[in-house]
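Computed from a predicted model, the values in this text were never measured in an experiment.
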2 protein chains.
Amino acid sequence: MTDGRSRRREDTRQRLFVAAVELIAEQGFSATTVDDIAARAGVAKGTVYYNFESKTVLFEELLRHGIGLLTAEFRAAVDGLPPREALAALVRAELEYIRRYRAFAQLLLSEMWRTNREWQQTLRLLRGEAIEVIAETVRAGVDSGDLPADLDVRTASSALFGVGLVVAVDWLVFQPERPIADVQEALLGIVRRVAQT
Amino acid sequence: MTDGRSRRREDTRQRLFVAAVELIAEQGFSATTVDDIAARAGVAKGTVYYNFESKTVLFEELLRHGIGLLTAEFRAAVDGLPPREALAALVRAELEYIRRYRAFAQLLLSEMWRTNREWQQTLRLLRGEAIEVIAETVRAGVDSGDLPADLDVRTASSALFGVGLVVAVDWLVFQPERPIADVQEALLGIVRRVAQT
DNA sequence: ACAACTAAACTGACTGGTCAGTACAAAAAC
DNA sequence: GTTTTTGTACTGACCAGTCAGTTTAGTTGT
């Protein structure tokens with residue numbers, strides 16, 4: 001069961017993910033070479049190809065892994081909460097996630113709105129899954145009258161997702177000395193005002 | 001003065017800018033080749049190097065050109081207006097700009113928060129110039145009491161800039177069938193609520 | 001206990017292709 | 001007659017992906 005081989009392999013994959021996410025966040029997918037990733041992970045280039053079909057597949061699995069985690073945290077955050085509290089919980093969860101997986105968030109922000117890339121379809125799908133959690137919450141709030149009736153669910157959801165991302169990453173990149181708690185405060189304040197019926 | 005030669009050259013440079021901005025918006029800087037840019041501009045590769053020192057310099061001048069235009073429109077928009085109206089005018093100007101230079105906005109969103117790229121310093125500087133115009137307006141509003149006193153000028157300004165960018169580009173990429181006027185409406189509503197004293 | 005065996009995991013030199021940048025003679029535009 | 005553009009060919013660096021060989025972890029036989 002606890003096979004040392006598969007544990008070792010999972011470890012290598014994890015190290016490759018970490019190396020790849022950092023480098024791609026800094027430089028972008030195309031500017032990051034497989035040799036770079038291997039070197040930063042402390043493995044040989046061949047190991048990358050033993051563990052992943054190709055550079056693109058490595059990136060796609062990385063996206064799946066990262067966004068999957070985010071979606072899970074979204075689901076856990078809203079669980080059982082009434083709409084307006086759930087909305088605040090979502091903002092908190094998103095920022096907490098960005099704080100923890102800073103490089104991944106930066107990568108997401110940079111690659112999210114690209115077109116004409118082979119992995120674009122994958123990213124679009126995953127983005128949809130994460131936003132769907134937000135959309136469910138917003139929809140419930142609008143239906144129950146807890147949120148303004150004229151709120152467009154699809155728009156509000158994707159805006160909320162994007163805004164959290166951009167504000168947090170901007171803060172991390174351009175004003176890193178500030179505590180993330182301040183961003184959370186500011187964003188919560190904005191969301192609360194906008195959510196007023 | 002109106003030298004036909006320099007006008008012609010300016011024309012070529014312009015065509016190269018347009019080709020480059022479209023390709024880089026779609027694929028990113030590294031994935032875009034000089035041959036691609038030349039081909040899309042309908043120009044020989046040598047012409048690119050006759051007009052620009054290198055691929056990187058072409059991109060830097062492109063950034064300067066594009067953000068310079070945006071900054072100018074910001075300045076024109078706020079000219080003489082009282083703070084709260086100036087703020088609304090800024091949002092309108094930003095969205096109008098994004099509508100007109102869609103590809104450039106997309107490019108900006110993708111490259112803005114990168115680190116470790118040779119042109120990053122240039123971009124950071126230019127971003128500062130554009131945001132400074134917003135910051136002046138916000139500062140004036142806070143000083144005169146037209147905007148909430150507890151508003152952090154630097155944060156609010158960069159947030160406003162980034163949010164406009166992300167919401168507009170998100171709309172353009174994921175819901176292109178919708179009229180941009182809707183985004184403007186939504187954003188203005190949000191900004192108005194947040195700006196309430 | 002431990003040596004022999006096996007398959008999984010990993011290595012790194014190598015290949016084939018791509019791309020930024022160069023060179024330059026001839027042509028076109030002004 | 002000067003500036004700008006073209007077209008083509010070339011170079012050298014770089015890089016994704018391959019593969020034959022090596023190491024490691026677990027298994028089997030004694």
Side-chain angles (χ1 to χ4, degrees), chain A residues 1-24 26-63 107 111 114 116-120 122, chain B residues 1-24 26-63 111 116-120 122:
Chain A
M1 195 87 273
T2 45
D3 191 339
R5 278 188 287 236
S6 57
R7 242 205 272 97
R8 184 184 173 203
R9 192 173 177 184
E10 199 41 57
D11 214 64
T12 304
R13 286 173 59 95
Q14 199 61 38
R15 290 226 305 291
L16 284 169
F17 273 161
V18 171
V21 83
E22 286 173 1
L23 288 166
I24 296 175
E26 287 169 7
Q27 310 175 323
F29 175 77
S30 300
T32 301
T33 69
V34 175
D35 287 275
D36 283 348
I37 296 172
R40 164 118 28 153
V43 300
K45 187 179 191 174
T47 304
V48 177
Y49 285 94
Y50 181 75
N51 284 283
F52 299 95
E53 203 181 304
S54 66
K55 183 186 172 187
T56 302
V57 168
L58 160 58
F59 186 53
E60 281 179 336
E61 291 194 25
L62 179 60
L63 289 175
L107 174 163
E111 309 290 351
R114 276 218 200 298
N116 285 340
R117 308 264 63 207
E118 63 263 58
W119 34 260
Q120 196 234 333
T122 304
Chain B
M1 197 84 274
T2 46
D3 191 339
R5 278 189 285 244
S6 57
R7 238 202 277 100
R8 183 177 165 223
R9 195 176 176 184
E10 199 41 56
D11 213 65
T12 304
R13 286 173 58 95
Q14 199 62 37
R15 290 226 305 290
L16 284 169
F17 274 161
V18 171
V21 84
E22 286 174 1
L23 288 166
I24 296 174
E26 286 170 6
Q27 310 176 324
F29 174 76
S30 299
T32 301
T33 70
V34 175
D35 288 274
D36 283 348
I37 296 172
R40 162 113 36 148
V43 147
K45 187 180 185 177
T47 304
V48 177
Y49 285 93
Y50 182 77
N51 283 282
F52 298 95
E53 204 182 303
S54 67
K55 183 187 172 186
T56 302
V57 168
L58 160 58
F59 186 54
E60 281 179 338
E61 291 195 26
L62 177 60
L63 288 174
E111 309 291 350
N116 284 340
R117 307 264 59 207
E118 66 263 58
W119 34 258
Q120 195 234 337
T122 305

Item to complete: Hey, can you tell me if Trp119(B) and Phe59(B) have their rings parallel, tilted or perpendicular (30° and 60° cut-offs)?
Response: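 The arrangement is perpendicular - the two ring planes meet at more than 60°.
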So, is [X] close to the [N] phosphate, meaning a side-chain N or O under 4.0 Å from OP1 or OP2?
{"X": "Tyr50(A)", "N": "dA9(C)", "result": "yes"}
{"X": "Asn51(A)", "N": "dC10(C)", "result": "yes"}
{"X": "Thr47(A)", "N": "dT11(C)", "result": "yes"}

Residue pair [X] / [Y]: nearest heavy atoms and the distance that separates them:
{"X": "Lys55(B)", "Y": "Thr32(B)", "value": "NZ-O, 2.8 Å"}
{"X": "Phe29(A)", "Y": "Arg117(A)", "value": "CD2-NH1, 4.4 Å"}
{"X": "Gln27(B)", "Y": "Asp36(B)", "value": "OE1-OD2, 4.3 Å"}

Response to the item:
A correct 5'-to-3' footprint of nucleotides 15-30 of chain C, with B, S and - meaning base, sugar-phosphate only and no protein heavy atom under 4.0 Å, is ----SBBB------SB
Between [atom2] on [N] and [atom1] on [X], what's the gap in Å once rounded to a whole number?
{"X": "Ile37(A)", "N": "dC14(D)", "atom1": "CD1", "atom2": "P", "answer": "18 Å"}
{"X": "Arg9(B)", "N": "dT5(D)", "atom1": "CZ", "atom2": "P", "answer": "7 Å"}
{"X": "Arg13(B)", "N": "dT3(D)", "atom1": "CZ", "atom2": "P", "answer": "17 Å"}
{"X": "Arg7(B)", "N": "dT5(D)", "atom1": "CZ", "atom2": "P", "answer": "14 Å"}

Worksheet item: Contact class for Val48(A) (heavy atom, under 4.0 Å): base, sugar-phosphate, or nothing?
Response: nothing
Worksheet, complete the sentence: With Asp11(A) as partner, the option from Arg13(A), Arg7(A), Arg15(A) fulfilling salt bridge (Lys or Arg N to Asp or Glu O under 4.0 Å) is Arg15(A)
Listed pairs under 3.5 Å, donor-acceptor, residues 38-48 of chain B side chains, sequence neighbours left out:
unit_1   : atom_1 : unit_2   : atom_2 : d
Arg40(B) : NH1    : Glu22(B) : OE1    : 2.7
Lys45(B) : NZ     : Asp35(B) : OD2    : 3.3
Thr47(B) : OG1    : Ala44(B) : O      : 3.4

